[in-house]
Amino acid sequence: MCLTGVDYFSTLSYLPGIAALAAGALSPLATLLIVALTLLGMLPMYRRVAKESPHGQGSVAMLENLLPFWRGKVFVLVLLGFVATSWIITITLSAADATVHLLENPYLPPFLEGQAVAVTVVLLLILGGVFLLGFTEAVAVAIPLVGVFLVLNAVIIGAGIYDAVTQPGALADWTAALTSFGGGFGDIAGPALVAFPLLVLGLSGFETGVSMMPLVAAKGATPEEQLACRIRNTRRLLTTAAVIMSIYLIGSSFVTTVLIPAEAFQEGGEANGRALAYLAHERLGNGFGSVYDVSSILILWFAGASAMAGLINIVPRYLPSYGMAPDWSRAVRPVVLVYTAISILITIGFNADVNAQAGAYATGILAMMVSGAIAVTISAIRKKQRVPAVGFTVLTVVMLYALAANVIEKPDGIAISAFFILGIVAVSLVSRVSRTTELRVDRIEFDETARRFITDTLDYDGRINLIANRPQARDAAEYAGKEAVQRENNPVPGTADVIFLEIDITDPSEFSEVLEVRGVEVDGHRVLRAESPAAPNAIAAILLALRDATGVRPHAYFEWSEGNPLAHLMRYLLLGRGDTAPVVREIIRENEPAPDRRPGIHVG
């Protein structure tokens, strides 16, 4: 819970200030809307996500399963753009707010004044350096950071509530500010609803919570029992974190709104981006305030570490399996360098301003939550669960409203998300095309029948002759006709023993997998069959595996395909088929530099 809470609870450092800036005196009412949404909407939604996606992949994996083929992949790429937005902005926003707490401290060395961008960049470089050295024992670090931070916040909120009740005029001034909005419910609820979308920053921990599921302890005698226990414990984690955060959100919003002058929240004001820190210094002294500043700086900096860990997990979890990430993306350090560089550019672009980045952060968070709401809604509808389906549909509408309102109010958020989406899609497509000649196979497994076919053909004439066949009827007439055509068109010796090779195309949007080769006999015709996202890559991998296993160069025989070569190329990239023989030959050439060791490819 603390590892999740590093990101979730750290928003207390800046969320009350953002809420007061957005809603003014109505900040506590807008915060109540967020708490209601948290406990009645987001918590049930992510408890369901934890049950249906229990391996830490969250709502993105649910939607990927609901939308197969290329539709699912494109949808996931768009979602990853929003995920990247939220995580990157988490890093930059947290570092920028850590800088605010540092620069507003009364004991700050004079030479650091006005150096917000430089200080934030240094914090980002330190964060990147930690990951370059290695990132371990995150839970052990998170527990004291979160524990101390929550205790300090409880002290500030408790003292603030006492002062608000006992300080003459404090509550009266606030209630007077409320009446300025009018006496009707609509007059008060309207501005609160307008400010509500920006306050979703306080909901950032849920997606992190489900992504932490593989780390959650579980007991049980069987894998099924352990998984069920892990789901129960994760739901307890989410519920505990949501209840704690709801209490802190209401308390912090109340005391900061009642006790801090409105002008202090404005840009350049002493409470801008650091409302609770302002109260800590003003109400409890600079000594306590400095302790709170140090705690805030550490937890905000470590929230960036939590986001960086999430980003590092995203790339190997999705893109390589689509063939949409270069090989170096599997390594942590190059990816850390890329993310750190992007974070520094965004920090410079936003001038390390917390409020300026809030819109982009909210856009990314809201898009992730909308995807989660849609996923659980579809799941409930498919399972014909009427009450959950209605509830999650209402939640989806609410989240779509919040996303639309945030985009209208802060269009820079959607612009940054679009930048990430276009970047991910462009890199993915370039990588997909550049990796067309990879074998795309982690390992190959031949069953007993397939191994017997290879042994028998070697015993017969010491050769391996394979006829590539695109299966249709799969009957004796098809194989006899195919063999006759190949013996006429290609240099297959008249007495040579031949085996047919067939590849059934699965989801061509996938990439790397285990290739299982099965042996099947059809009226005396021996056939090797396998399933793969791409026929040429699978054939090349099988030929090279046979060569390595037997020491004999296999020979494969093909027919020329009819049609335009460019059309065949597009069919291969999108559907896994095309003019197979030239692609097989090119894949073999790329993977075997010695010409005399390459399997023979014959086309007639």
Side-chain angles (χ1 to χ4, degrees), residues 68-70 73 316-325 327 330 431-458 464-471 474 479 498-522 525-558 571-592 597-601:
F69 200 61
W70 281 109
K73 301 300 181 292
R317 185 172 289 175
Y318 291 103
L319 297 185
S321 65
Y322 301 169
M324 293 181 175
D327 284 337
R330 300 176 187 271
S431 176
R432 179 86 184 193
V433 173
S434 66
R435 298 181 64 187
T436 54
T437 57
E438 289 186 10
L439 293 177
R440 302 194 190 181
V441 174
D442 295 327
R443 69 179 187 274
I444 302 179
E445 298 175 354
F446 292 85
D447 71 2
E448 185 62 35
T449 305
R451 291 198 294 271
R452 177 168 54 82
F453 287 170
I454 300 302
T455 302
D456 290 347
T457 196
L458 287 172
I464 301 177
N465 294 298
L466 300 174
I467 295 177
N469 181 51
R470 181 175 297 180
R474 299 185 193 264
Y479 295 116
V498 296
I499 300 174
F500 292 91
L501 177 59
E502 297 176 347
I503 307 297
D504 293 313
I505 300 299
T506 56
D507 185 349
S509 60
E510 295 292 342
F511 206 76
S512 179
E513 63 168 22
V514 176
L515 191 63
E516 297 180 350
V517 183
R518 309 181 315 277
V520 180
E521 191 162 352
V522 181
H525 300 281
R526 292 163 300 169
V527 185
L528 299 179
R529 288 177 182 165
E531 294 182 347
S532 173
N537 307 73
I539 293 172
I542 290 171
L543 293 174
L544 290 170
L546 289 173
R547 180 207 63 184
D548 294 340
T550 65
V552 175
R553 287 179 61 204
H555 290 262
Y557 301 90
F558 299 82
R571 289 181 68 238
Y572 165 61
L573 291 174
L574 295 176
L575 304 176
R577 289 193 183 278
D579 194 0
T580 304
V583 183
V584 172
R585 203 282 179 177
E586 180 58 21
I587 294 171
I588 290 174
R589 188 189 68 82
E590 287 278 347
N591 289 275
E592 176 49 71
R597 285 180 44 79
R598 294 172 188 160
I601 304 299

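Predicted, not measured: the structure shown is a model, and the values here were computed from it.
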Between atom CZ of Arg553 and atom CG of Leu546, what is the distance when rounded to the nearest 0.5 Å? 13.5 Å

Could you tell me whether Asp504 and Arg474 have a side-chain N and a carboxylate O separated by less than 4.0 Å? yes

Side chains of Thr580 and Ile539 in contact at under 4.5 Å (non-hydrogen atoms): yes

Any side-chain heavy-atom pair from Thr449 and Val520 closer than 4.5 angstrom? no

Would you say Glu521 and Phe453 make side-chain contact, with heavy atoms under 4.5 Å? yes

Restricting to non-hydrogen atoms, name the atom on Ala450 and the atom on Val517 that form the minimum distance, rounded to 0.1 Å. CB-O, 3.9 Å

Using side chain to side chain contact (heavy atoms under 4.5 Å, CB included), reason through Arg597 and Asp548 one step at a time and then give a plain yes or no. CA-CA 10 Å; Arg597 285 180 44 79; Asp548 294 340; 3.9 Å; yes

Ring geometry between His525 and Phe500 (parallel below 30°, tilted from 30 to 60°, perpendicular above 60°): perpendicular

Would you check if Arg547 and Arg598 make a side-chain contact, meaning some heavy-atom pair closer than 4.5 Å? no

Evaluate the criterion side chain to side chain contact (heavy atoms under 4.5 Å, CB included) for residue pair Ile588 and Ile601; output intermediate values, then yes/no. CA-CA 10 Å; Ile588 290 174; Ile601 304 299; 3.9 Å; yes

Please assess Tyr557 against Val498 for the test side chain to side chain contact (heavy atoms under 4.5 Å, CB included), listing each intermediate value before the final yes or no. CA-CA 10 Å; Tyr557 301 90; Val498 296; 5.8 Å; no

Flag side-chain contact, heavy atom, 4.5 Å: Val514 against Ile444: no

Is there side-chain contact between Ile467 and Ile499, with at least one heavy-atom pair below 4.5 Å? no

If you take all heavy atoms of Leu515 and Ser532, which pair is closest and at what distance? CD1-CB, 3.9 Å

Salt bridge or not for Arg443 and Glu445, using N-O below 4.0 Å? yes

How close do Ala535 and Ile503 get, counting heavy atoms only, and between which atoms? CA-CG2, 3.8 Å

Apply salt bridge (charged side-chain N to carboxylate O under 4.0 Å, His left out) to Arg585 and list each qualifying residue two or more places apart in sequence or on a separate chain. none

Spacing of Asp456 atom CG and Arg452 atom CZ [to the nearest 0.5 Å]: 6.0 Å

Do Glu502 and Tyr479 come within less than 4.5 Å of each other through their side chains, counting heavy atoms only? yes

For a 4.5 angstrom cut-off between non-hydrogen side-chain atoms, does Leu501 reach Ile542? yes

Where the side chain of Asp447 meets the backbone of Gly519, is there a donor-acceptor pair that is under 3.5 Å apart? yes

